[in-house]
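Single-structure report; data block below.
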Amino acid sequence: MKPRAFPAPLRVLALLPIMAMLAGCSILGGKPRDPVTIYSPQAVAQSDPSWPQVDWQLAIAKPSATRLIDSPRIAVRPVPGELQVYRGSSWAQPPTDMIEAVVLRVLEDSGKIAGVGRVATGMRSDYRLAMDVRRFESDYRGGALPVATIEISATLLNNRDQRIVARRTFLREEAAATNDVATVTDAFGRALAAVSSEIAGWTLAQGHGDAQTHPTL
């Protein structure tokens, strides 16, 4: 069975593409120095007024992922057990950077937390959020249209005693309206916004409960 052919992007829907000439190749073909369309999804995660107000600080560690996932290449699974990349297309940032940035921003914008920042800044924090990206791919699942699939394992730790407060796996799927690459990346933007909001709300709720149980923070 031959792998399904994936079309090059025809248009861009609210993704601010940047056209560039880049050297490289892809699993789906292409020659060195083919033009590459770079996609930067505008994932705007929404906070929830019901999230608890907390007076502690959170440091977000850079998410981990396998080398194949943590790549500018846009991964696609045409059939089960086979992972390829879209020809002539790339992310502006690796998925781990996108996830870290969106989770951080929704927590900052929520106004529900005393302080939040990246571990790399060296900020003093009461809790630390670690994330492992398990899937960040377009999956056809044997159908005609792909589904943007993001799976993240999140762990919240108490920095005072390095205790694991909570751990949960988040899975978000958003179907693309067509198999056009621009439309697929738009679906990724929706999935990224939704899963980031879920992780942010869960982090606040779990940390709030832990701080009440262990008030000596």
Side-chain angles (χ1 to χ4, degrees), residues 9 12-17 38-54 58 60-66 69-77 83 86 89-113 116 118 127 129-141 143 145-156 166-208:
V12 176
L13 303 177
L15 291 171
L16 302 181
I38 301 177
Y39 292 92
S40 179
Q42 301 305 290
V44 181
Q46 300 296 321
S47 60
D48 189 328
S50 68
W51 290 350
Q53 185 77 41
V54 300
L58 173 74
I60 301 175
K62 179 175 173 55
S64 61
T66 64
I69 292 175
D70 196 25
S71 165
R73 301 286 189 179
I74 303 176
V76 54
R77 192 178 296 275
L83 194 62
Y86 285 110
S89 303
S90 177
W91 294 122
Q93 294 179 297
T96 54
D97 289 350
M98 288 191 279
I99 291 166
E100 181 183 27
V102 179
V103 172
L104 174 63
R105 180 167 182 175
V106 68
L107 284 167
E108 287 177 333
D109 292 349
S110 72
K112 295 288 189 176
I113 188 167
V116 59
R118 293 177 170 88
Y127 291 93
L129 175 64
M131 293 177 282
D132 180 59
V133 186
R134 296 177 176 176
R135 298 183 69 190
F136 201 98
E137 63 190 42
S138 169
D139 191 349
Y140 272 78
R141 302 176 177 177
L145 296 175
V147 176
T149 304
I150 301 176
E151 182 178 354
I152 302 170
S153 174
T155 303
L156 183 65
R167 178 176 288 156
R168 178 180 163 185
T169 297
F170 295 83
L171 175 64
R172 189 71 185 195
E173 302 168 327
E174 289 287 340
T178 73
N179 61 12
D180 179 285
V181 181
T183 307
V184 172
T185 55
D186 185 54
F188 269 106
R190 298 194 303 273
L192 178 57
V195 75
S196 297
S197 180
E198 290 176 9
I199 291 172
W202 171 84
T203 299
L204 291 173
Q206 296 300 320
H208 178 65

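All residue numbers in this chain count up from 1 along the given sequence. Note that the coordinates shown come from a computational prediction; the quantities given were computed from them, not determined experimentally.
When ring centroids are compared, F188 and Y39 stay outside the 6.0 Å threshold.
With contacts defined as side-chain heavy-atom distances shorter than 4.5 Å, the pair I60/L58 qualifies. Taking 4.5 Å as the limit, every side-chain heavy atom of E174 sits out of range of all side-chain heavy atoms of V147. Looking at heavy atoms from C-beta onward, L171 lies out of side-chain contact with I150 at the 4.5 angstrom threshold. Within the 4.5 Å cutoff, the side chain of S90 has no heavy atoms near those of the R73 side chain. Looking at heavy atoms from C-beta onward, K62 lies out of side-chain contact with R118 at the 4.5 angstrom threshold. Annotation: side chain of L129 is in contact with side chain of V103 (closest heavy-atom distance under 4.5 Å). With contacts defined as side-chain heavy-atom distances shorter than 4.5 Å, the pair D132/I152 does not qualify. I69 is not listed as a side-chain neighbour of R135, based on a closest heavy-atom distance of 4.5 Å or more.
Across all non-hydrogen atoms, the minimal contact from S47 to S110 is CB-CB, 3.6 Å. Across every non-hydrogen atom of A191 and A148, the tightest pair is CB-O, 4.3 Å. Of all heavy-atom pairs spanning P146 and V184, the tightest one is CG-CG2, 3.6 Å. Closest approach of D139 to R77, counting heavy atoms only: OD1-O, 3.6 Å. In this structure, A193 and A43 approach most closely via the heavy-atom pair N-CB, 3.9 Å. Minimum interatomic distance between S71 and W91 (heavy atoms only, all atoms of both residues): O-CD1, 4.0 Å.
With values rounded to the nearest 0.5 angstrom, L107 atom CG is found 9.5 Å from S196 atom OG. Once rounded to the nearest 0.5 Å, the distance linking CG of L192 with CD of Q42 reads 10.5 Å. Between the OG1 atom in T149 and the CZ atom in F136 there is a gap of 10.5 Å [rounded to 0.5 Å]. The distance from the CG atom of L156 to the CZ atom of R167 is 11.0 Å, given to the nearest 0.5 Å. Taking CD1 of I199 as the reference point, atom CG of L204 lies at 12.0 Å (rounded to 0.5 Å). To the nearest 0.5 Å, the span separating CH2 on W51 from NE2 on H208 amounts to 14.5 Å.
Looking at Y86 and S138, their side chains do bring a donor and an acceptor atom within 3.5 Å of each other. A donor-acceptor pair shorter than 3.5 Å can be found between the side chains of D70 and T96.
Under the side-chain contact (heavy atoms from CB on, under 4.5 Å) rule, M131 has a single partner from S64, P63, S153, which is P63.
For E198, the salt bridge (Lys or Arg N to Asp or Glu O under 4.0 Å) partners are R172, not counting sequence neighbours. With sequence neighbours left out, W202 forms a ring pair (Phe, Tyr, Trp, His ring centres under 6.0 Å) with F170. Take D109 and apply the salt bridge (Lys or Arg N to Asp or Glu O under 4.0 Å) test, not counting sequence neighbours, and it matches R105.
Put simply, the side chain of S40 never gets that close to the backbone of A92: no donor and acceptor are under 3.5 Å apart. Judged purely by atom type and a 3.5 angstrom limit, Q53 uses its side chain to pair as donor or acceptor with the backbone of G111. R190 places a side-chain N or O within donor-acceptor distance of the main-chain N or O of A175, the cut-off being under 3.5 Å.
At a threshold of 4.0 Å, the pair D48-K112 does not count as salt-bridged, since none of the basic side-chain nitrogens sits closer than that to a carboxylate oxygen.
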